[in-house]
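Notes to accompany the following structure.
Keep in mind that the numbers below use all heavy atoms, side chains included, and drop hydrogens, waters and symmetry copies.
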Amino acid sequence: MTQFVDFVDEALSLCLERKQAFPTLGLFDSIEKQLTYLRAVLTGEESDRSRLSKIIVGIYAVREFEDND
């Protein structure tokens, strides 16, 4: 489980860096909220898993980012 939390932490860190670089781009707000929720579920801080089906970070990755990103 720790490896998944580490992966989400790394993604969240990258998201926050890009959010700071592009503060008017709302995409990073959405990604940050989703990653924060996902991390909370993985660590047990959040017991409500009903929003997991609404995670669309992967769709953002396919549509908004380059292959080498």
Taking atom types as modelled, find out whether T36 and E32 have a side-chain donor-acceptor pair closer than 3.5 angstrom.
->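 No, E32 and T36 have no side-chain donor paired with an acceptor closer than 3.5 Å.
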Output every pair passing side chain to side chain donor-acceptor pair (under 3.5 Å) with a member in residues 7-18, not counting sequence neighbours, ordered by first then second residue.
->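 Checked against side chain to side chain donor-acceptor pair (under 3.5 Å) - neighbours excluded - the pairs reaching residues 7-18 are D9-R39, R18-D69.
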[X] with [Y], same ILVMFWY side-chain cluster at under 4.5 Å:
| X | Y | answer |
| --- | --- | --- |
| I56 | L14 | no |
| F65 | F7 | no |
| I59 | V57 | yes |

For F4, does the CZ atom sit with more than 12 other heavy atoms under 6.0 Å from it, leaving out its own atoms?
->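 No, CZ of F4 has 12 or fewer neighbouring heavy atoms, counting only those of other groups under 6.0 Å.
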Taking atom CD of E45 as the centre, does the number of heavy atoms from other residues, nucleotides or ligands within less than 6.0 Å exceed 12?
->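 Result for CD/E45: enclosed.
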Report yes if the side chains of L35 and I55 come closer than 4.5 Å at any heavy-atom pair, otherwise no.
->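 Not in contact.
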Rounded to the nearest 0.5 Å, how far apart are CG of L52 and CD of Q34?
->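 Between atom CG of L52 and atom CD of Q34 there are 10.5 Å.
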Who passes side chain to side chain contact (heavy atoms under 4.5 Å, CB included) against L25, sequence neighbours left out?
->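 Result, side chain to side chain contact (heavy atoms under 4.5 Å, CB included) vs L25: F22, L27, F28.
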Given the rule in the side-chain contact (heavy atoms from CB on, under 4.5 Å) test, do I31 and L12 qualify, once you have shown the distances and angles that lead to the verdict?
-> CA-CA 8 Å; I31 293 171; L12 190 53; over 6 Å; no
